[in-house]
Amino acid sequence: MTERIGSKRTGMPMKDNLVIAIDGPSASGKGTCGRYLASKLGFFHVDTGAMYRALTWYCLERGIDICDHARLLETVRSWPAELRAEDGEVSLVVSGVRLKGEIRSDAVAGSVARVSPVAAVRVWMVRTQRECLRFGSLVMDGRDVGTHVFPETPFKFFLTASDAVRAVRRRAEGSSEDTAKRDQLDLSRTVAPLEPARDAVRVDNSHDSAQATSEFMLAHVLSKRRSLGV
Ligand code: DC
């Protein structure tokens, strides 16, 4: 199922679809817990960080100067990206290709925090992320999902873990990324900085397994769905 961004096809009625927003810094467990919730609930998972990485990858591939904001605006308006729902995930395909390992490279990791704060990029991303709802109910993870992408959803989580625990998790994943620096940039930027929504459930999972955290989140969602009747 692939949708051209901005097309008039609406798919499932948006009003019936739910969104679970999961925000937090890198290695706080958003992806693992988000995929678990999505599979248990039969929702699509959306990794919004992968979308920022895809644009960064595209710019690097094309030799586009990511410090030139006018060029970035032009690029984000015209790049060949489409939303696709496949294997329980909604993601961007670029020129028909679903990007995987290429967006996890050191080059992309080292540049994405310079692309993601640009206002024109965020406007495009938020609009595209909201369009994901046409595929069905979503578990969406990122930095600003509860604050800017779907502020209206009653299902919001903000995951954290101590710096030391997150560094250990990154190393265990084989990543050499300087996530502390990237987290600092995400926290301090003026546009949509990383921060919990006022009504987000905050979960510090420094001392909990991904399984325990996921089970806690699932129980919370199920109880909230019962109380809201959705
Ligand atoms: O989650 P990640 O490490 O793949 O995210 C890559 C970068 O994208 C990270 O520096 C923060 C940024 N990002 C963002 O600004 N807003 C989001 N909703 C998701 C990611």
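When a residue number appears, it is its place in the shown sequence, counting from 1. First listed ligand is number 1; within each ligand, the first listed atom is number 1. Everything quoted here is computed from the prediction, not taken from an experiment.
Neither the backbone nor the side chain of Ser26 comes within 4.0 Å of ligand 1, counting heavy atoms alone. At a heavy-atom cutoff of 4.0 Å, ligand 1 is contacted by no atom of Met51, backbone or side chain. By the criterion of a heavy-atom distance under 4.0 Å, the side chain of Arg104, and not its backbone, is placed next to ligand 1. With a 4.0 Å heavy-atom cut-off, ligand 1 is reached by no atom of Gln129.
For ligand 1, one of its N or O atoms has an N or O atom of Arg53 under 3.5 Å away. Inclusion of Arg143 in the set of residues having an N or O under 3.5 Å from an N or O of ligand 1 is warranted.
For ligand 1 and Thr48, the ligand atoms under 4.0 Å from any heavy atom of the residue are 17 (C), 18 (N), 19 (C). Of all the atoms in ligand 1, the ones that sit under 4.0 Å from a non-hydrogen atom of Arg189 are 14 (C), 15 (O), 16 (N). Set against the non-hydrogen atoms of Ser116, the atoms of ligand 1 under 4.0 Å away are 12 (C), 15 (O). Residue Asp144 has at least one heavy-atom neighbour below 4.0 Å for each of these atoms of ligand 1: 16 (N), 17 (C), 18 (N). With ligand atoms numbered from 1 in the order given, ligand 1 contributes 9 (C), 10 (O), 11 (C) to contacts under 4.0 Å with heavy atoms of Asp186.
In this structure, the ring of His220 has its center less than 6.0 angstrom from the ring center of Phe157.
Here atom 16 (N) of ligand 1 lies nearest to Arg122 when heavy atoms of Arg122, His148, Met125 are compared.
Hydrophobic clustering (side-chain heavy atoms under 4.5 Å, transitive across Ile, Leu, Val, Met, Phe, Trp, Tyr) groups Phe216 together with Ile22.
Summarising the geometry, atom CG belonging to Leu72 is positioned 8.5 Å from atom OG1 belonging to Thr56; distances are rounded to the nearest 0.5 Å.
Taking both residues in full, the closest heavy atoms of Asp208 and Arg169 are given as O-NH2, 4.1 Å, listed atom of the first, atom of the second, then distance. Annotation for Leu55 and Met125: closest pair CB-CE, 3.9 Å, computed over non-hydrogen atoms.
Between Met51 and Ser91 the shortest side-chain heavy-atom distance does not fall below 4.5 Å.
Side-chain N or O atoms of Arg170 include none that pairs as donor or acceptor with a backbone N or O of Glu173 at under 3.5 Å.
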Exercise for the section: I would like to know whether Glu195 and Thr147 meet side-chain contact (heavy atoms from CB on, under 4.5 Å); could you show each step before the answer? Expected result: CA-CA 8 Å; Glu195 62 184 353; Thr147 49; 4.2 Å; yes
